[in-house]
There are 2 protein chains.
Amino acid sequence: MALGKDYATQECSIARALEIVGERWTLLVVRDALYGVRRYNDFLVHLGIPRAVLAARLQLLTTEGILEKRRYQESPPRDEYVVTDRGIALWPTLRSLGLWGREHFSETQLRAFRHAACGTELGPYGECPACGTVVPLPDVEMVPGPGLDPDPTNPVSRALLKPKRMLEPIETVPV
Amino acid sequence: MALGKDYATQECSIARALEIVGERWTLLVVRDALYGVRRYNDFLVHLGIPRAVLAARLQLLTTEGILEKRRYQESPPRDEYVVTDRGIALWPTLRSLGLWGREHFSETQLRAFRHAACGTELGPYGECPACGTVVPLPDVEMVPGPGLDPDPTNPVSRALLKPKRMLEPIETVPV
DNA sequence: ATCCTAGGTTCGTTCACTGAACCAAGATGT
DNA sequence: ACATCTTGGTTCAGTGAACGAACCTAGGAT
């Protein structure tokens with residue numbers, strides 16, 4: 001976290017983690033990356049984040065090894081940001097944070113996460129109650145919940161209305 | 001998060017959660033509260049946080065039902081901030097965030113968490129590998145790890161050097 | 001009468017976030 | 001040939017939050 005002083009005096013790995021992902025917007029960028037968002041403009045329209053801040057966050061997440069900048073076409077040269085294993089490792093944190101937000105501050109469920117192999121909704125720790133194992137993120141399927149706006153204006157939210165695997169790139173359909 | 005605009009456009013319980021606990025310092029205050037820190041001055045010296053910011057965070061966490069302001073003596077009137085169930089519910093999030101920070105950005109283990117009943121170190125989801133159950137926070141014992149400064153200057157860090165139960169108030173010994 | 005403690009508030013400075021404008025390289029349309 | 005569009009940014013003035021030092025208050029203690 002970069003507001004003048006950091007948390008350096010904190011002898012604590014939570015503080016270390018927050019130095020990296022504790023700034024405003026950062027965790028939402030990672031969340032979107034786990035959802036399959038990869039491109040600058042998709043982050044931009046989905047998050048409603050100022051362009052300069054997005055550029056700074058993508059830069060920082062890349063240098064910290066949470067995202068990886070990767071050329072996906074040569075002409076014109078275009079890069080996408082793909083989440084790395086280090087970013088995927090943030091999934092339990094984001095999952096439990098979202099669970100907390102839903103249980104304490106939300107009325108309806110916005111998204112559900114299921115074990116793609118058997119369709120069972122995940123338990124609080126990301127485990128499949130039916131299979132009894134913790135489901136790796138590529139095997140998690142995200143499905144829209146009842147509280148989600150059925151007709152969002154931006155194409156990224158529309159792409160995220162369809163059930164999809166986590167990490168799989170989103171398919172934005174131009175109008 | 002209160003920087004002009006909020007995350008209101010985000011239809012996501014992660015964003016809701018971050019509106020509450022996503023501001024700078026907030027999660028560290030909650031962490032300290034779970035560790036057993038309860039008093040204004042103890043938060044102050046342990047976190048090195050500006051006084052005004054601490055007052056604002058304690059206020060917000062209280063109105064959001066994460067901490068509870070409670071009079072602990074009448075003369076002179078003194079209040080302490082005790083973490084509520086809603087705050088305790090943030091433990092899985094903080095635990096996984098700390099685990100991520102340690103695994104990816106830290107060399108040594110700073111603190112270990114054990115099942116007080118059997119002494120077994122907790123697994124990644126806060127479960128006791130020996131007992132096979134998720135350990136409720138009052139039954140978790142925090143013990144200092146090898147990476148911790150053995151002779152910190154402030155009394156709160158000194159109090160946290162001793163193994164102790166989570167949530168139990170810290171015992172600061174005046175010099 | 002003075003000092004100390006706990007828990008704040010006030011205030012000027014600094015710094016990050018915001019939003020709008022601008023920029024650039026390559027593709028595409030006419 | 002020229003303008004326009006798309007993608008992925010940078011620049012910049014204005015604003016609001018964080019910082020840290022100083023100050024304040026109520027009640028004990030010396």
Side-chain angles (χ1 to χ4, degrees), chain A residues 1-9 18-19 22-29 32 37-62 67 69-82 154-156 169-170 172-175, chain B residues 1-9 18-19 22-29 32 37-62 67 69-82 154-156 169-170 172-175:
Chain A
M1 224 153 183
L3 232 169
K5 300 294 168 295
D6 53 16
Y7 295 140
T9 56
L18 287 173
E19 284 178 16
E23 289 177 303
R24 185 159 160 76
W25 296 111
T26 305
L27 276 177
L28 293 182
V29 171
D32 269 17
V37 177
R38 295 186 169 187
R39 287 151 76 150
Y40 181 92
N41 263 298
D42 289 342
F43 286 109
L44 201 66
V45 305
H46 190 229
L47 293 173
I49 179 178
R51 308 178 76 92
V53 177
L54 176 58
R57 294 298 181 273
L58 290 174
Q59 163 83 49
L60 183 137
L61 287 171
T62 302
L67 300 180
K69 192 171 186 172
R70 167 191 300 174
R71 174 98 6 137
Y72 69 89
Q73 70 179 28
E74 288 296 336
S75 175
R78 291 285 182 262
D79 297 317
E80 61 184 0
Y81 295 89
V82 185
N154 77 76
V156 181
I170 61 170
T172 55
V173 283
V175 183
Chain B
M1 225 154 182
L3 231 169
K5 299 294 169 294
D6 52 17
Y7 295 140
T9 56
L18 287 173
E19 284 178 15
E23 289 177 304
R24 185 158 160 78
W25 295 112
T26 306
L27 276 178
L28 292 182
V29 172
D32 269 17
V37 177
R38 295 185 170 188
R39 288 151 76 150
Y40 182 92
N41 262 299
D42 288 343
F43 286 109
L44 201 66
V45 304
H46 190 228
L47 293 173
I49 179 177
R51 306 178 77 92
V53 177
L54 175 59
R57 294 297 181 272
L58 291 174
Q59 164 83 49
L60 183 137
L61 287 170
T62 302
L67 300 181
K69 193 170 185 172
R70 166 191 301 174
R71 174 109 348 150
Y72 69 88
Q73 71 178 28
E74 288 297 337
S75 176
R78 291 285 183 262
D79 296 318
E80 61 184 0
Y81 295 89
V82 185
N154 77 77
V156 181
I170 60 170
T172 56
V173 282
V175 182

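Computed from heavy atoms alone, side chains included, the values below leave out hydrogens, waters and symmetry copies. Just so it is clear: chains get the letters A, B, ... in the order the sequence lines come, proteins before strands, and each one is counted from 1.
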Does a side-chain N or O of B:W25 approach OP1 or OP2 of D:dC19 to a distance below 4.0 Å, or not?
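Yes, within the criterion.
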For [X] and [N], what is the distance between atoms [atom1] and [atom2] respectively, to the nearest whole Å?
X     : N      : atom1 : atom2 : answer
A:Q73 : D:dT6  : CD    : P     : 14 Å
A:L60 : C:dC17 : CG    : C1'   : 15 Å
B:L47 : D:dC19 : CG    : P     : 11 Å
B:L44 : D:dG20 : CG    : C1'   : 11 Å
A:I49 : D:dT10 : CD1   : C1'   : 15 Å
A:R71 : D:dG8  : CZ    : P     : 11 Å
B:E23 : C:dC17 : CD    : P     : 13 Å

Using the side chain to side chain contact (heavy atoms under 4.5 Å, CB included) definition, which of the options A:L28, A:V156, A:L58 pairs with A:F43?
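One option only clears the test, and that one is A:L58.
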Are B:I49 and B:L44 packed together at the side-chain level, in the sense that at least one heavy-atom pair is separated by less than 4.5 angstrom?
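They are in contact (side-chain heavy atoms under 4.5 Å apart), so the answer is yes.
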So, do B:R38 and B:Y81 sit near enough that their side-chain heavy atoms are less than 4.5 Å apart?
no
Identify each atom pair where a protein N or O and an N or O of nucleotides 5-8 of chain C are less than 3.5 Å apart, giving names and distance.
{"residue": "C:dT5", "atom": "O2", "partner": "B:R78", "partner atom": "NH2", "Å": "3.4"}
{"residue": "C:dA6", "atom": "O4'", "partner": "B:R78", "partner atom": "NE", "Å": "3.0"}
{"residue": "C:dA6", "atom": "O4'", "partner": "B:R78", "partner atom": "NH2", "Å": "2.9"}
{"residue": "C:dA6", "atom": "O3'", "partner": "B:R78", "partner atom": "NE", "Å": "3.4"}
{"residue": "C:dG7", "atom": "OP1", "partner": "B:D79", "partner atom": "O", "Å": "3.1"}
{"residue": "C:dG7", "atom": "OP2", "partner": "B:N41", "partner atom": "N", "Å": "3.4"}
{"residue": "C:dG7", "atom": "N7", "partner": "B:R51", "partner atom": "NH2", "Å": "3.0"}
{"residue": "C:dG8", "atom": "OP2", "partner": "B:Y81", "partner atom": "OH", "Å": "2.9"}
{"residue": "C:dG8", "atom": "N7", "partner": "B:R51", "partner atom": "NE", "Å": "2.8"}
{"residue": "C:dG8", "atom": "N7", "partner": "B:R51", "partner atom": "NH2", "Å": "2.7"}
{"residue": "C:dG8", "atom": "O6", "partner": "B:R51", "partner atom": "NE", "Å": "3.0"}

Is the backbone of B:P76 close enough, under 3.5 Å, to the side chain of B:Q73 for a donor and an acceptor to pair up by distance?
yes
Under 3.5 Å donor-acceptor, A:R24 side chain and B:G22 backbone
no
Establish, from distance only, whether the side-chain atoms of B:Y72 and B:R39 form a donor-acceptor pair under 3.5 Å.
yes
Spatial distance of atom [atom1] ([X]) from atom [atom2] ([Y]) [nearest 0.5 Å]:
X      : Y     : atom1 : atom2 : answer
A:I170 : A:H46 : CD1   : NE2   : 8.0 Å
B:K69  : B:Y40 : NZ    : OH    : 10.5 Å
B:N154 : B:N41 : CG    : CG    : 11.5 Å
A:L54  : A:R51 : CG    : CZ    : 8.5 Å
A:L27  : A:D32 : CG    : CG    : 11.5 Å

Which atoms of nucleotides 28-30 of chain C (N or O only) lie under 3.5 Å from a protein N or O atom, and what are those distances?
none

Polar-atom pairs under 3.5 Å, protein N or O versus N or O of nucleotides 28-30 of chain D: list them with distances, or write none.
{"residue": "D:dG28", "atom": "OP1", "partner": "B:S75", "partner atom": "O", "Å": "3.3"}
{"residue": "D:dG28", "atom": "OP1", "partner": "B:S75", "partner atom": "OG", "Å": "2.0"}
{"residue": "D:dG28", "atom": "OP1", "partner": "B:P76", "partner atom": "N", "Å": "3.4"}
{"residue": "D:dG28", "atom": "OP2", "partner": "B:S75", "partner atom": "OG", "Å": "2.9"}

Base, sugar-phosphate, or nothing for B:V53, non-hydrogen atoms under 4.0 angstrom?
sugar-phosphate
